[in-house]
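These numbers come from the heavy atoms of this one structure, side chains and all, not from hydrogens, waters or symmetry mates. Whatever order the structure lists ligands and atoms in, that order sets their numbers, starting from 1.
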Amino acid sequence: MGESAEELFARALAAADAEGRLPLPPLDEWETFPFEGEIRVRPLRAPADEPPRLGEDPADCWRCRRSEEDAIWSDERWLLTPLEKPSGLPVIVILQPREHCDLGDLPDRLAAELGPLLVRVERAVDSVGDIGRVHVGRWGDGSAHLHWWFIARPARMPQLRTSFAAIWDDILPPLPEELWRANLAAVARAMAADGGRAYV
Ligand SMILES: [Zn+2]
């Protein structure tokens with residue numbers, strides 16, 4: 001049996017100050033941490049119910065409603081979509097099955113395609129050029145419909161390495177619109193070279 005939220009909370013509070021703030025980790029040793037100066041940990045909140053996710057009910061799922069409307073590439077079973085507008089990193093795209101499911105209930109026929117597709121999208125994003133690394137992530141606390149993040153970190157910008165790249169994406173000025181569209185088109189073309197359809 002796992003540790004309950006109440007047990008975790010009690011154990012954490014025992015290590016926290018009177019306001020419920022835990023000590024800072026050694027931020028000065030994290031060379032890719034984007035912030036400096038006076039920083040403190042937020043007080044830890046008490047256990048609570050899980051908040052509902054977007055589109056938990058397929059009838060109410062924005063991804064199912066949009067289908068390939070905003071996709072840059074798709075095939076019969078999968079969609080690749082960008083963010084709604086340019087952000088700080090050169091490419092961020094999201095891979096999703098057309099069918100409404102999450103990773104834990106992904107049908108076997110889609111699961112069998114997922115491994116090769118992850119590799120394909122990584123290569124397509126890398127083909128944009130001047131990409132140092134393509135980070136691949138699946139969180140899933142926001143939307144219920146399975147979605148994989150592909151987050152490109154610029155080459156020769158070592159300060160932007162590691163998972164903090166996702167935070168630098170919010171800090172860096174957004175890409176010029178034209179460059180953003182050209183990068184997405186390059187990803188879509190690279191995907192379509194191995195099947196499916198590019199929309200840009
Ligand atoms: Zn859905």
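- A salt bridge is absent between R197 and E68; no separation between the charged side-chain nitrogens and carboxylate oxygens falls under 4.0 Å.
- Note on the Zn ion (ligand 1): protein N/O/S atoms under 2.8 Å are C61 SG, C64 SG, H100 ND1, H145 ND1.
- In the hydrophobic clustering of this structure, V91 does not group with L172; members are Ile, Leu, Val, Met, Phe, Trp, Tyr whose side-chain heavy atoms approach within less than 4.5 Å, directly or through other members.
- Sorted by first and then second residue, the side-chain hydrogen bond (donor to acceptor under 3.5 Å, both in side chains) pairs with a member in residues 82-95 read S87-D169; sequence neighbours excluded.
- Partners of E177 by side chain to side chain donor-acceptor pair (under 3.5 Å), not counting sequence neighbours, listed by chain and number: R181.
- For E56, the side chain to side chain donor-acceptor pair (under 3.5 Å) partners two or more places apart in sequence, or in a different chain, are R53.
- For the residue pair R98 and S74, a side-chain donor N or O sits within less than 3.5 Å of a side-chain acceptor on the partner.
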